[in-house]
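In this chain, residues are counted from 1 in sequence order. If you're wondering where the values come from, they're calculated on a predicted model, not measured in any experiment. Both counts, for ligands and for their atoms, begin at 1 and track the order of listing.
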Amino acid sequence: MSDVIQLLPDHVANQIAAGEVVQRPASVIKELLENAIDAQATRIQVVIKDAGKTQIQIVDNGMGMSLTDARMSFERHATSKIKSAEDLFSLTTKGFRGEALASIAAIAQVELKTKDDESEVGTIIKIEGSEVTSQEACVTLQGTSISVKNLFYNIPARRNFLKSDAVETRHIIDEFQRVALAHPQIAFDLFHNGNELFQLPETNFRQRITNIFGGKTNEKLVPVTEETELVEISGFVGKPEFAKKSRGEQFFFVNNRFIKSPYLNHAVTAAFDGLLKEKSYPSYFLYLKVDPRSIDINIHPTKTEIKFDDEHALYAILRSAIKHSLGQFNVAPVLDFERDANLDTPYEYKNREANVPGVEVDRDFNPFQQESNPGRSNSGSFRKEPAAGWESLYSGIQDETLDKEEVRHIEFESEEVTGSLFNSSESEAEKSTFQLQKKYIVSTLKSGILVIDQHRAHTRILYEELLKNITVSAAVSQQLLFPLKLQFSSHEMEMLGEIKESLEQTGFVFSSLERDSVEISGIPTLISESEVEMLLEQLLSDLENEVPNNGFSQTDLLARSLAKGMAVKSGMLLNNTEQQHIVNRLFACKEPSLSPSNRSVFVTLTVDELDKKFM
Ligand code: ADP
Ligand code: MG
């Protein structure tokens with residue numbers, strides 16, 4: 001056989017390498033940001049179009065490049081950062097592989113403009129698909145500006161693989177935040193399609209965190225510091241009562257580089273032991289400084305995992321440092337047996353209760369009057385005074401479901417209960433429900449008994465109602481006397497912007513949406529003002545955890561999340577009218593037997609089944 005092995009041409013080799021370095025627009029942003037930081041920039045601007053798919057531009061005021069270096073920078077394995085293999089063990093820069101620019105230039109149309117402090121004029125180089133198409137002298141300030149257009153233009157398969165703009169933007173924001181958090185002394189801006197997403201002045205760690213995650217974050221932070229021979233720890237953990245329902249705000253930085261470490265994450269969680277509600281995750285922003293010789297960054301191509309020489313010691317130090325801080329700042333009981341009983345109640349509720357104003361009893365209110373009265377549900381009264389406030393929960397919704405005709409036509413899957421579901425005598429039906437353990441509504445059927453999970457049933461009812469509002473007819477809204485201003489991170493505000501219209505259909509009125517806050521002047525009639533913040537937080541966290549792929553499933557997710565938050569909880573006392581209301585409305589639903597998350601809403605026990613038990 002003749003010889004068959006040949007060297008791959010450079011542009012092919014570069015494309016292959018690009019597959020490892022560049023997965024999506026966010027990877028380009030990460031590499032270019034790191035280059036600007038390595039070039040000692042103090043101000044870095046990122047401008048993207050269409051989630052970075054059309055264009056990514058990064059401008060820095062760093063050291064810039066000479067004409068020769070500018071040309072060299074696009075060669076594979078061309079780097080100014082290491083000279084020998086020895087240097088790999090004492091890295092202080094982010095880059096060292098010399099692959100990023102070569103990879104990016106292989107799969108996009110790139111324009112580099114740069115000037116160092118010694119050159120009179122700068123250089124502008126255009127390169128696409130690894131081919132230099134032009135190189136000229138130009139007038140420019142010291143620093144570097146790189147524009148990357150039409151990523152994957154020459155690899156359609158990769159381009160088609162990119163996700164929706166919303167998803168890609170989220171990835172970009174994630175990368176941007178990680179880099180920005182690691183370098184508070186550098187000013188960063190991020191613009192998307194002409195909108196400013198972040199404008200971060202140079203500052204300290206604490207301010208940077210607050211600038212990114214919103215003004216309220218500051219009061220939630222507990223400082224952590226520890227100095228040992230092995231490691232210097234600084235940074236913050238979030239107070240346990242502000243733990244989130246998603247892992248969003250968890251950051252480790254080792255020598256100013258964002259890393260992922262399930263092992264160290266475990267150390268943090270262990271320090272919070274006993275202080276967190278189930279399925280909630282504490283925020284943390286922890287900066288570790290270690291000897292560069294004691295870590296190996298090289299084990300992962302995208303460099304977010306590293307290996308420590310002495311992981312076990314690190315674990316123990318981290319855990320005890322955080323435990324100490326939580327204790328010192330009085331957020332954790334120092335001695336377990338002196339535990340404050342308050343710490344055992346779910347934090348969210350503990351705090352909320354303090355804000356709820358006293359029970360307002362509207363003496364003129366007649367629960368049996370049919371007329372709707374949208375203003376009333378404002379007092380959160382259904383928690384405190386269910387009897388008086390109940391009907392107002394449904395104000396604004398047509399009461400067509402109380403029509404018993406419809407209920408009669410429900411068919412159950414099991415043969416036995418098909419036909420007339422309830423006892424035919426009206427007055428008997430009125431009294432035929434009771435509540436079990438404040439959790440289940442029990443009702444008699446003609447052929448047996450029916451046990452309904454109150455929370456799931458109400459969730460199903462609200463879910464269908466909300467879906468209808470979002471897709472068909474908008475719900476009525478209750479005006480707030482004073483607009484409610486809520487703060488969110490700019491990332492959360494991005495998401496809120498995406499679902500704004502759907503939310504408006506459910507009755508929300510947004511008087512302004514800013515970069516890190518929202519002003520709400522109207523809310524759905526079904527909720528009270530005090531619930532709004534919790535509902536929206538839960539919604540954003542749900543949206544973040546489940547990435548929907550098309551409009552329909554996002555609507556579905558939205559309705560599911562809101563319904564879950566708005567529904568009566570188990571443990572809530574319901575009077576007879578309320579129980580009836582739930583039963584009636586449930587069986588007017590399209591799918592009464594399942595909750596929106598596909599769990600059984602009720603069970604039946606027929607007389608036949610009972611008879612068998614008594615045999
Ligand atoms: P690496 O960062 O691993 O060295 P890159 O391909 O990212 O590899 O960059 C190649 C070289 O180009 C760098 O080593 C650096 O010398 C130069 N360079 C890249 N970006 C910049 C920049 N923004 N400012 C100054 N020099 C840069
Ligand atoms: Mg680099």
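Heavy atoms from both the backbone and the side chain of A100 come within less than 4.0 Å of ligand 1. At a 4.0 Å heavy-atom cut-off, ligand 1 does not touch A41 at all. Under 4.0 angstrom from ligand 1, there are no non-hydrogen atoms of T114. When heavy-atom distances to ligand 1 are checked against a 4.0 Å cut-off, M72 has no atom that comes that close, whether in backbone or side chain. If you look at T79 next to ligand 1, the close heavy atoms, those under 4.0 Å, come from the backbone and the side chain alike.
Residue contacts with ligand 1: G98 is included, with a non-hydrogen atom under 4.0 Å away.
With hydrogens and angles ignored, the 3.5 Å screen pairs no side-chain donor or acceptor of R319 with any backbone N or O of H266.
Of the candidates V21, T93, N35, it is N35 that places a heavy atom closest to atom 7 (O) of ligand 1. Across the listed options Q40, E34, M65, M65 owns the non-hydrogen atom lying nearest to atom 21 (C) of ligand 1.
A 6.0 Å sphere centred on NZ of K216 holds more than 12 heavy atoms belonging to other residues, nucleotides or ligands.
F253 and Y287 have parallel rings, their planes meeting at less than 30° on a 0 to 90° scale where 60° marks the start of perpendicular.
Taking distance alone, with nitrogen or oxygen atoms compared against 3.5 Å, L101 approaches ligand 1 more closely than that limit. Ligand 1 has an N or O atom lying under 3.5 Å from an N or O atom of D60, backbone or side chain. Geometrically, ligand 1 and E31 share no nitrogen or oxygen pair separated by less than 3.5 Å.
Using a 4.5 Å cut-off on side-chain heavy atoms (C-beta onward), D69 and D116 make no contact.
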Practice prompt. May I have the step-by-step check of side-chain hydrogen bond (donor to acceptor under 3.5 Å, both in side chains) for Q135 and T123, ending in yes or no?
Written response: CA-CA 7 Å; Q135 174 173 348; T123 309; 5.7 Å; no
Discussion item. For a ring-ring contact (aromatic ring centres under 6.0 Å, His included) check, start with the C-alpha distance between F176 and F198, then their side-chain angles and the critical distance, and finish with the verdict.
Written reply: CA-CA 9 Å; F176 177 87; F198 292 93; 5.2 Å; yes
Worksheet item: Going through the distances and angles, do Q538 and D542 end up as a side-chain hydrogen bond (donor to acceptor under 3.5 Å, both in side chains)?
Response: CA-CA 6 Å; Q538 175 69 56; D542 287 348; 2.8 Å; yes
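In summary, the aromatic rings of Y315 and Y263 are positioned with their centroids under 6.0 Å apart.
Because the distance cut-off is set at 2.8 Å, N35 qualifies as a neighbour of the Mg ion (ligand 2) through one of its N, O or S atoms.
Taking a cut-off of under 4.0 Å to the non-hydrogen atoms of E99, the atoms of ligand 1 that pass are 6 (O), 8 (O). The ligand atoms of ligand 1 that sit less than 4.0 angstrom from a heavy atom of S73 are 10 (C), 12 (O).
Between R560 and D556, at least one side-chain nitrogen of the basic residue sits less than 4.0 Å from a carboxylate oxygen of the acidic one, meeting the salt-bridge criterion.
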